[in-house]
Amino acid sequence: MWPVSGDMDSGVDHPERGGVTVLESADPAAVPGPRAEPEPASRWARALSGAGYRALRRTPLDEQLVPPMPDGPGVTPDVVPPSPLLARLGIRLPDALWSWLCRWSGWLGPIAVAAFAGVLRFVNLGGPHALIFDETYYAKDAYALWQVGYETNWADDANGLITAPNPTVPFRTDPAYIVHPPVGKWIIGLGEQIYGMNPFGWRFMMAVLGTLSVLMLARIGRRLFRSTLLGCVAGLLMSVDGLHFVLSRTAILDLVVMFWFLAAFGLLLIDRDRTRALIAKRLDAGLGTDWWQLGWRPYRLAAGVSLGLMTATKWSGGPAIAVFILLVALWDTSARRMVGGIRGPGGQPIVEGRRVLRHCVDWVCSAASLGLTAAVTYLVSWTGWIMSSTEPGKGGYFRDWAVQHPGGFGPDWWRSLWHYHSTMLDFHTNLHSPHTYQSNPWSWLFLGRPVSFFYESPKNGQAGCTTSDCAREVLAIGTPLLWWAGIAALLYCLYRWLMRRDWRAGALLAAVAAGYLPWFQYQERTIFLFYAVCFVPFLVLAVTMMIGAMLGPAHASPDRRLAGATGAGLLVVGIMWNFLYFYPIFTGQTIPMPDWNGRMWLSTWI
């Protein structure tokens, strides 16, 4: 284990602590004590030190490779001194309980935040009692998948029958043409299998994934910034993002895309730490750093599976595979460069030709472990369709195409699947039908055109309305203050990446780019703001990184820390207030029409 640096501007390849005090290991041999501030090297630097200048710290190589985690078994002492803050408040916890809470705060904090998010998402999950927006497609497709393994057609009056006081499910087996892969619908259908074909049933798994994604983000933020506090802040911010919240309570596919995207990112972060720890261990042993000597990389393969599941929910996962292949290859290359280039056994330098070859091997291994694994996962996701009957009208849509068109290369199921995908591609690239709530991706970060999933105008005495006119709406829109702060946070990340070579900022920008930039090539296509939910976690992490900068480094003056903490706290509280203000139009509550109008901050939100 290595020491913790509290310097956020050191310029080395490790995270700042965001001003968070952490507990060091009780073993002084395992974790050296804090290093003294370096003396300014020049007269000019000494003069500037009076104005707050601090020279860059020289960080040991092993700490640059794997900065220590902030707490946990092996890091937090078995016995932690009582908290001075709690003592000032008159609170005295038993020493054993306090030490246990400190040791496991890296899990307890994120779990508490996730529990808060879960309560928000599960309360009144069955309302509105209707198939809202695209639930009319995905809830029924999900039900059909679990019945026969492929999507089917439904009667025109199916929605009314399903949501009636005495519901019936008018299921049919004739195949339907669909344009999205099946994984997201399999997940939605799991809730229907548990709780039935009703609003709570088809939304249940979305609420589960929404809650789990908050837990994942808190843990990812903790690992990324090496701060449990900042990890919990990230989870808290996403739990009160309106777009994430609404989609966690609606049975459509985009939240599933986000979940697997975030899971892949988190798994790659673990792989990065694990691999660099192996490199550090080999360096301590005086061995080489050849790629094949770094051992089994299960987290990278699991990330490939997650990317495959993301793409098998919607094809918008495809760009994420390419970006993450590039990202992890650059991470491996930077690790080798950090330890002095590629070296063979005994630490001997390798000649330039072989050096280039080894870097190429890194890139090939990245592409194979992520790209190939994702492709296999995607193909497996179509098993239900592949195993269905090839008799006309008795299997998945186009399952009988190869039988009707003999010849060609490959087995019948492959040829039919290839033809099906060609028609899906044509549909997606030529979808130009106008829609009331379509939007241009240029407007997404500004929340220019949200999507109304559900709207009613009850009169006095209807649906709890107590005035002459009321409104009841579920509006898919991000929490405005969070998203607008996110614009500034992305600019800050761009600065950190370009000017400070901060790998964390680069990783967040890469993830946002993978989920956002591909939509700019379809500006004439019918697309919607809620597609942006896939990069919401990374927008939140960018805001969290900016909050860490606001808090300041651990060695900053008390006045600087107080000012930073005040600003950061006001931002977090403001975002939470903003969420509560918009909560009625996130959940379809009946409110007076003037109150609804007051929440339409922009004319394009109506």
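Position 1 is the first residue of the sequence; numbering continues from there.
Of the inter-residue distances, the one linking Trp202 atom CH2 with Ile162 atom CD1 reads 6.0 Å to the nearest 0.5 angstrom. In this structure, CH2 in Trp315 is found 10.0 Å from NE2 in His180, a value given to the nearest 0.5 Å. Expressed to the nearest 0.5 Å, how far OG of Ser334 lies from CZ of Arg276 amounts to 4.0 Å. Rounded to the nearest 0.5 angstrom, Leu539 CG and Met238 CE are separated by 11.0 Å. Atom CZ in Arg226 sits 5.0 Å away from atom CE in Met69 (nearest 0.5 Å). Within the model, atoms OG1 of Thr250 and CG of Leu131 stand 11.5 Å from one another, a figure rounded to the nearest 0.5 Å.
Between the Glu151 side chain and the Ala176 main chain, no donor and acceptor come within less than 3.5 Å of each other. Although no hydrogens or angles enter the test, the distance criterion places a donor-acceptor pair under 3.5 Å between the side chain of Asn198 and the main chain of Gly201. Under the 3.5 Å distance criterion, the side-chain polar atoms of Ser239 are matched with a main-chain donor or acceptor of Leu236. Distance alone, capped at 3.5 Å, places no donor-acceptor pair between the Thr311 side chain and the Gly308 backbone. Without hydrogens or angle criteria, Thr373 side chain to Leu301 main chain gives no donor-acceptor distance under 3.5 Å. No donor-acceptor distance shorter than 3.5 angstrom exists from the side chain of Ser416 to the backbone of Trp413, with no hydrogens or angles considered. Although no hydrogens or angles enter the test, the distance criterion places a donor-acceptor pair under 3.5 Å between the side chain of Arg449 and the main chain of Thr436. One N or O on the side chain of Thr479 and one on the backbone of Val240 form a donor-acceptor pair closer than 3.5 Å.
Qualifying side chain to side chain contact (heavy atoms under 4.5 Å, CB included) partners for Tyr516, counting only residues two or more places apart in sequence or in other chains: Pro441, Trp444, Leu445, Val512, Phe520, Phe535.
Under a 4.0 Å N-O distance rule, the pair Arg500/Asp502 does not qualify as a salt bridge.
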Using the rule given for side chain to side chain contact (heavy atoms under 4.5 Å, CB included), can you reason through Thr228 versus Trp107, listing the C-alpha separation, both sets of side-chain angles and the distance that settles it, and then say yes or no? CA-CA 9 Å; Thr228 297; Trp107 275 105; over 6 Å; no

What's the verdict on side chain to side chain contact (heavy atoms under 4.5 Å, CB included) for Met545 and Arg496, showing C-alpha distance, side-chain angles and the deciding distance? CA-CA 10 Å; Met545 188 172 181; Arg496 288 290 301 184; 4.2 Å; yes

Show, in sequence, the C-alpha distance, side-chain angles and deciding distance for Phe171 and Trp154, and conclude whether the side chain to side chain contact (heavy atoms under 4.5 Å, CB included) test is met. CA-CA 7 Å; Phe171 178 68; Trp154 291 74; 3.9 Å; yes

From CA spacing to verdict: side chain to side chain contact (heavy atoms under 4.5 Å, CB included), Ile187, Leu209: CA-CA 10 Å; Ile187 293 174; Leu209 295 190; 4.0 Å; yes

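Between Met206 and Val256, the closest heavy-atom pair is CE-CG2, 3.5 Å. Residues Ser439 and Ser443 share a closest heavy-atom pair of CB-OG, 4.0 Å. Minimum interatomic distance between Ala144 and Thr152 (heavy atoms only, all atoms of both residues): CB-OG1, 3.5 Å. Pairing each heavy atom of Ile386 with each of Leu379, the nearest pair is CD1-O, 4.3 Å. In terms of heavy atoms, Pro182 sits closest to Ser381 at CG-O, 3.1 Å. Here the closest non-hydrogen pair linking Ala374 and Ile321 is CB-CD1, 3.7 Å.
Between Tyr397 and Tyr420, the angle of the ring planes lies from 30° to 60°, which puts this pair in the tilted group.
Residues Arg297 and Ser369 are not in side-chain contact: their nearest non-hydrogen atoms beyond the backbone lie 4.5 Å or more apart. Using a 4.5 Å heavy-atom cutoff, the side chains of Ile132 and Arg203 are in contact. In this structure, the side chains of Arg300 and Val328 come closer than 4.5 Å at one or more pairs of heavy atoms. Counting heavy atoms from C-beta on, the side chains of Phe453 and Glu135 never come closer than 4.5 Å. By the 4.5 Å heavy-atom criterion applied to side chains, Arg274 and Leu278 are counted as neighbours. Looking at heavy atoms from C-beta onward, Thr211 lies in side-chain contact with Phe122 at the 4.5 angstrom threshold. Using a 4.5 Å heavy-atom cutoff, the side chains of Met205 and Glu192 are not in contact. The closest side-chain heavy-atom distance from Thr390 to Asp412 is not below 4.5 Å.
For OH of Tyr177, the number of neighbouring non-hydrogen atoms (other residues, nucleotides, ligands) closer than 6.0 Å is greater than 12. In this structure, Tyr299 places its OH atom where only 12 or fewer heavy-atom neighbours from other residues, nucleotides or ligands lie under 6.0 Å away.
Applying ring pair (Phe, Tyr, Trp, His ring centres under 6.0 Å) to Phe133 and the options Tyr437, Phe530, Tyr138 leaves one that passes, Phe530.
Less than 6.0 angstrom separates the ring centroid of Phe324 from the ring centroid of Phe261. In summary, the aromatic rings of His428 and His421 are positioned with their centroids too far apart to meet the 6.0 Å limit. A centroid separation of less than 6.0 Å is found between the aromatic rings of Trp146 and Trp186.
Within the cation-pi definition used here (under 6.0 Å to the ring centroid, within 45° of the axis), Arg415 does not qualify as a partner of Trp401.
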